[in-house]
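The structure appears right after this line, and notes come after that.
As the structure is a computational prediction, the values presented were derived from the model and not from experiment. Below, chain A is the first sequence line, B the second, and so on; all start at residue 1.
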Amino acid sequence: NAGVTQTPKFQVLKTGQSMTLQCAQDMNHEYMSWYRQDPGMGLRLIHYSVGAGITDQGEVPNGYNVSRSTTEDFPLRLLSAAPSQTSVYFCASSPGLAGIREQYFGPGTRLTVT
Amino acid sequence: GNSVTQMEGPVTLSEEAFLTINCTYTATGYPSLFWYVQYPGEGLQLLLKATKADDKGSNKGFEATYRKETTSFHLEKGSVQVSDSAVYFCALSIYGGSQGNLIFGKGTKLSVKP
């Protein structure tokens, strides 16, 4: 059972470039989310989805887009990368309401924007 | 608003020492409380949780009791091991608010020396 997978593991971008961070889960979870982790800041919610076709903004959504066309996949798009987006990004999924049920995290993508 | 405050690290202990990591919260409703652990190079894993006042969550020798009167959820372990070295995150969610999204503290890094 693969759980939550993320690709790539590492990525270096130049300012202004765009890219998509991939996230997939094979547990048939309805809820998926993206967080960024910065030193001394903990994890902050970027976007989340409560099911296919439904997405919403979290605490820090600016500069990021998401879509959820299938239950399994929840890609995160950086439209025009900025150095402030240098961070570690985690995708997570949950079988129900995120807080009531356990969230399962992927291994993370470490992104550097120069 | 809703927030979590946990003790700043890093915390360095010798093997078999007693561990306490303090966590307090502010919440507008009735939150569920969680401790997540992040081992080096990995994503977060749920360590334990409590969903109502006076509940005690426990796992792998770790315990935390939901104290509504002091708005606290302190993590304790009687005898730590080198393998417990990790970053520990306290988190809360409010049922029904933002679909139960998790709000994390900033994390406390624990290092256990042999």
Among residues 16-24 of chain B, which residues come closer than 4.5 Å to chain A, judged by heavy atom distances?
none

Assess whether side chain to side chain contact (heavy atoms under 4.5 Å, CB included) is satisfied between A/V4 and A/S93, documenting all intermediate values.
CA-CA 7 Å; A/V4 180; A/S93 73; 3.6 Å; yes

Are B/F89 and B/F34, when compared by the centres of their aromatic rings, separated by less than 6.0 Å?
no

Would you check if the side chain of A/W34 reaches a backbone N or O of A/L21 as a donor-acceptor pair within less than 3.5 Å?
no

Give, as side chain, backbone, both or neither, the part of A/L45 having an atom under 4.5 angstrom from any heavy atom of chain B.
side chain

With a 4.5 angstrom heavy-atom cut-off, could you sort out which part of B/Q6 is near chain A: side chain, backbone, both or neither?
neither

Residues A/Y89 and A/Y64: side-chain donor-acceptor under 3.5 angstrom:
yes

Test item: A/Y31 and A/F74 side chains (from C-beta on) under 4.5 Å apart, heavy atoms
no

Could you tell me which residues satisfy ring pair (Phe, Tyr, Trp, His ring centres under 6.0 Å) with A/H29, sequence neighbours excluded, listed by chain and number?
A/Y104

Assess whether atom CD of B/Q81 is packed by more than 12 heavy atoms of other residues, nucleotides or ligands within 6.0 Å.
yes

What pairs of residues pass the disulfide (SG to SG under 2.5 Å) test when at least one of them lies in residues 34-88 of chain A, not counting sequence neighbours?
none

Note, B/Y66 side chain near B/K56 side chain (heavy atom, < 4.5 Å):
no

If contact means a heavy atom pair closer than 4.5 Å, which residues of residues 105-114 of chain A contact chain B?
A/F105, A/G106, A/P107

Taking NZ in B/K106 as the centre, count heavy atoms belonging to other residues, nucleotides or ligands within less than 6.0 Å. Is the count above 12?
no

So which part of A/E59 gets closer than 4.5 Å to some heavy atom of chain B, the side chain, the backbone, both or neither?
neither

I'd like to know whether A/M32 forms a side chain to side chain contact (heavy atoms under 4.5 Å, CB included) with A/Q25, so could you lay out the CA-CA distance, the side-chain angles of the two residues, the decisive distance to 0.1 Å, and finally the verdict.
CA-CA 9 Å; A/M32 296 186 74; A/Q25 52 93 6; 3.5 Å; yes

